[in-house]
Amino acid sequence: MQPTQRPLLARANPTSVFLATLALVLVALFAPGPVGGLLLLALAAGLGWLLTVTWPVQAPQTRLIRLVMLTLLVAVALVKLF
């Protein structure tokens with residue numbers, strides 16, 4: 001497979017992804033109510049997609065931790081939204 005045809009996850013720089021996610025979380029937490037809630041829900045949707053893509057290769061303990069974190073993120077988003 002040519003480098004330009006690699007999947008998006010394989011091309012992503014882990015440090016850049018971490019910093020972008022951190023920035024999005026901070027903006028969402030400090031943004032006023034509904035705006036922050038919607039940003040957190042968008043982040044939760046992205047993490048949910050990532051969870052479904054990586055589900056087959058994850059250990060059961062890792063799956064549980066990721067599900068708990070996703071649930072907490074959605075809960076915080078809903079609290080901020082309402």
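Below, all heavy atoms of this structure are taken into account, side chains as well, without hydrogens, waters or symmetry copies. These numbers were taken from a predicted model, which means no experiment stands behind them.
Considering all non-hydrogen atoms of both residues, Gln58 and Arg63 come closest at O-NE, 3.2 Å. Taking all atoms of both residues into account, the shortest heavy-atom contact from Ala44 to Leu70 is O-CD1, 3.4 Å. Nearest heavy-atom pair across Leu40 and Ala77 is CB-CB, 3.5 Å. Contact detail for Leu29 and Lys80: the closest heavy-atom pair is O-NZ, 3.2 Å.
Under the 4.5 Å side-chain heavy-atom criterion for grouping Ile, Leu, Val, Met, Phe, Trp and Tyr, Val76 is connected to Leu24 within one hydrophobic cluster. Val17 and Leu43 fall into different hydrophobic clusters, where Ile, Leu, Val, Met, Phe, Trp and Tyr are joined by side-chain heavy atoms under 4.5 Å apart, directly or via other members. Both Phe18 and Leu26 sit in one connected hydrophobic cluster of ILVMFWY residues. Membership requires side-chain heavy atoms under 4.5 Å apart, directly or through other members. When the side chains of ILVMFWY residues are joined at heavy-atom separations under 4.5 Å, either directly or via intervening members, Val79 and Val25 end up in two distinct hydrophobic clusters.
Taking CH2 of Trp55 as the start and CG of Leu67 as the end, the distance is 4.5 Å to the nearest 0.5 Å. Expressed to the nearest 0.5 Å, how far OG1 of Thr15 lies from CG of Leu19 amounts to 6.5 Å.
The shortest side-chain heavy-atom distance between Thr21 and Leu47 does not fall under the 4.5 Å cut-off. With a 4.5 Å cut-off on side-chain heavy atoms, Leu78 and Val74 count as touching.
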